[in-house]
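Below, all heavy atoms of this structure are taken into account, side chains as well, without hydrogens, waters or symmetry copies. Atoms within a ligand are numbered from 1 in the order they appear, just like the ligands themselves.
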Amino acid sequence: MEFSTQSTVSLHRIKSAALAVGVYADGTLTPEAQALDRASQGLITEVVKQDFRGTAGATLTLHRIEGITARRVVLVGLGKAEEYTAAAHAKAERGLAAALSQLSLADAASTLAALPTTNASTLRSRASQAAQAAINAGYRYDATLSKKDDKKTPSGPKKLTLIVARNEAAEAQRGLAEGAAIANGMALTRTLGNLPGNICTPTYLADQAKQLANTYDSIKVQVLERKQIEALKMGSFLSVAKGSAEPPRFIVLHYKPAKAVKAKGKAAQPIVLVGKGITFDAGGISLKPAATMDEMKYDMGGAASVLGTFRAIAELGLEREVVGLIPSCENLPSGTANKPGDVVTSMAGLTIEILNTDAEGRLVLCDALTYAERFKPAAVIDIATLTGACVVALGHVNSGLFSTDDELAQSLLDAGRAAQDPAWRMPLEEAYQEQLKSNFADLANIGGPPAGSVTAACFLSRFTQAYSWAHLDIAGTAWRGGKDKGSTGRPVPLLVHYLLSQQASA
Ligand code: BES
Ligand code: MN
Ligand code: ZN
């Protein structure tokens with residue numbers, strides 16, 4: 001999909017297959033809708049009075065209005081004017097994108113991004129939302145369907161033009177480019193998540209990483225196989241992998257800006273992203289119940305978000321060094337699988353008593369977190385579908401954010417808010433460590449039912465003493481279950497926003 005900007009002229013003379021304008025919930029027209037209303041002798045007012053309520057995200061498409069050059073006018077509901085926040089704007093963009101995706105158009109023009117919101121949002125971020133909504137609405141999963149989308153299925157507009165003031169065109173273009181890169185990264189994340197476990201194996205994820213390195217000169221990749229993982233003494237990660245016939249992979253991605261960035265101190269050090277890459281989690285010997293177990297193909301959502309984020313930052317040419325680490329394997333029950341009570345030795349040398357083989361995410365992540373030390377990182381952020389308890393605590397709205405570093409936590413919370421991909425900070429105090437005590441090892445891999453997502457984070461924190469670290473539990477946000485089952489592409493928007501804010505020039 002192509003994106004461009006055009007400066008505000010007489011709206012009624014814009015040549016386009018569709019032109020979108022906003023209408024508030026009480027029927028008040030935005031200035032842009034008013035302009036079209038005047039050009040059409042009050043037609044818009046009449047329609048809004050009779051046929052359209054401007055609830056947020058609602059749309060109505062009008063055809064061939066006399067006095068208006070665009071072949072269609074799409075009215076887009078904005079909700080109440082006093083509640084027209086950045087989130088409401090994003091919802092309106094999604095509504096518009098959904099309506100346009102039902103048509104096949106050469107082009108569409110929209111005035112929505114230019115409209116200010118009640119909370120301070122930038123045109124750059126609104127343009128980004130417009131591009132994301134447009135690309136996300138066109139996303140289709142068909143990798144394992146025998147019939148692919150044919151030419152007859154509507155594919156939305158080929159081109160989207162934002163109508164903005166002339167002196168704001170550059171800012172809008174910047175936002176469109178960021179939004180497109182984020183959405184392209186999300187599409188990769190979504191497809192990897194949606195692919196079944198028998199296709200999306202650790203080896204498949206490694207091949208996807210190699211493909212990114214082939215596409216982008218700025219990305220290098222190294223894939224460690226079992227022998228090399230053994231040499232690193234990743235005894236905790238390997239203990240999970242040994243229950244499956246599918247070989248494990250430890251994927252190392254390295255993004256380096258094309259031109260060396262001039263930076264001093266922390267800004268010169270890389271940011272490390274660590275993604276949980278369990279391509280199927282049956283629970284191991286502590287087997288999960290059958291209902292919805294299929295959804296555990298999404299247990300590589302952290303890994304998929306790292307790959308999606310790398311795609312996005314490479315497309316944008318981010319000016320900051322980033323390392324991606326993906327420990328990937330399956331968690332299955334078998335004669336060679338971990339057993340409750342087993343004690344394993346992690347790469348860090350800490351021994352771990354495995355009281356529940358279904359708490360495998362932390363077992364693979366802890367060795368990756370130890371491996372991260374060698375990069376002398378400015379910050380390490382792990383992303384994991386780690387606990388059902390996090391879904392209980394925060395539902396499907398916020399990702400869980402855990403960090404002992406207040407500054408890092410605040411940057412991530414700000415990034416999530418700006419990206420419309422929110423996280424909520426959870427506690428991470430010494431007092432919870434008590435629950436991880438074991439009589440037979442340095443620590444246990446579970447802390448009992450209370451505060452399950454917190455003790456999981458506490459476990460990880462024991463391996464992150466060498467650097468500043470944050471953990472995102474995306475168990476509730478990486479995918480949706482039920483009728484609309486599918487990957488969401490989160491938290492790629494949060495991660496890309498965060499990395500953009502950490503550029504030397506930012
Ligand atoms: N991948 C799961 C977490 C999960 C479960 C995410 C359900 C989304 C929905 C993880 O490996 C797991 O099984 N965690 C256990 C931990 C428990 C045994 C301490 C859980 O949450 O039940
Ligand atoms: Mn599990
Ligand atoms: Zn898991």
Inset, instruction - Inspect the surroundings of NZ in Lys233 and state if more than 12 heavy atoms from other residues, nucleotides or ligands are less than 6.0 Å away. - result: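 No, NZ of Lys233 has 12 or fewer neighbouring heavy atoms, counting only those of other groups under 6.0 Å.
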Inset, instruction - Identify which of Ile278, Asp473, Val391, Leu386 has a heavy atom lying nearest to atom 10 (C) of ligand 1. - result: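 Selected option, by shortest heavy-atom distance: Leu386.
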Legend entry - Proximity winner for atom 16 (C) of ligand 1, if only heavy atoms of Arg362, Glu360, Met300 are counted: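 Looking at heavy atoms only, Arg362 sits closest to atom 16 (C) of ligand 1.
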Inset, instruction - Please write down residue, atom name and distance for the protein heavy atom closest to atom 18 (C) of ligand 1. - result: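 Looking only at protein heavy atoms, the one closest to atom 18 (C) of ligand 1 is Asn356 ND2, 3.5 Å.
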Legend entry - Closest approach of any protein heavy atom to atom 12 (C) of ligand 1, naming residue and atom: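 Result: Asp358 O, 3.2 Å.
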Legend entry - Ile278 near the Zn ion (ligand 3): N/O/S under 2.8 Å: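 No.
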Inset, instruction - Check whether any N, O or S atom of Asp299 sits under 2.8 Å from the Zn ion (ligand 3). - result: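 Coordinating: yes.
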Inset, instruction - Can you label the angle between the His89 ring and the Tyr84 ring as parallel, tilted or perpendicular, going by 30° and 60°? - result: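 Plane angle over 60°, so perpendicular.
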Legend entry - Parallel, tilted or perpendicular: ring planes of Phe459 versus Phe463, cut at 30 and 60 degrees: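 If you compare the ring of Phe459 with that of Phe463, the planes turn out tilted.
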Legend entry - Opening angle between OD1 in Asp358 and OD2 in Asp281, taken at the Mn ion (ligand 2), to 10 degrees: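 Computed angle, vertex at the Mn ion (ligand 2), rounded to 10 degrees: 100°.
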Inset, instruction - Please say which of Leu363, Asp358, Val364 ends up in a side-chain contact (heavy atoms from CB on, under 4.5 Å) with Asn331. - result: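 Testing Asn331 for a side-chain contact (heavy atoms from CB on, under 4.5 Å) against Leu363, Asp358, Val364 leaves exactly one candidate, Asp358.
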Mode of [X] contact toward ligand 1 - side chain, backbone, both, neither (heavy atoms, under 4.0 Å):
| X | result |
| --- | --- |
| Met296 | side chain |
| Tyr298 | neither |
| Met293 | neither |

Legend entry - Asn194 side-chain N/O to Gly486 backbone N/O, donor-acceptor pair under 3.5 Å: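 It does not hold such a pair.
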Legend entry - Glu360, N/O/S atom nearest the Zn ion (ligand 3):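 Nearest N/O/S atom of Glu360: OE2.
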Legend entry - Name of the Asp281 atom (N/O/S only) found closest to the Zn ion (ligand 3):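 Going through the N, O and S atoms of Asp281 one by one, OD2 ends up nearest to the Zn ion (ligand 3).
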Inset, instruction - Give a yes or no on whether Glu360 keeps an N, O or S atom under 2.8 Å from the Mn ion (ligand 2). - result: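 Glu360 does place an N, O or S atom closer than 2.8 Å to the Mn ion (ligand 2).
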Inset, instruction - Compute both the distance and the angle, then confirm whether Arg190 meets the cation-pi test with Tyr139: under 6.0 Å from the six-membered ring centre, within 45 degrees of the axis. - result: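 Judged by the rule, Arg190 and Tyr139 form a cation-pi pair.
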Inset, instruction - Enumerate the atoms of ligand 1 whose separation from the nearest heavy atom of Ile446 is less than 4.0 angstrom. - result: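 Counting from 1, the qualifying ligand atoms are 19 (C).
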Inset, instruction - Measure centre to centre between the rings of Phe375 and Tyr467, then say whether the value is under 6.0 Å. - result: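 No, the ring of Phe375 stays outside the 6.0 Å limit from the ring of Tyr467, centre to centre.
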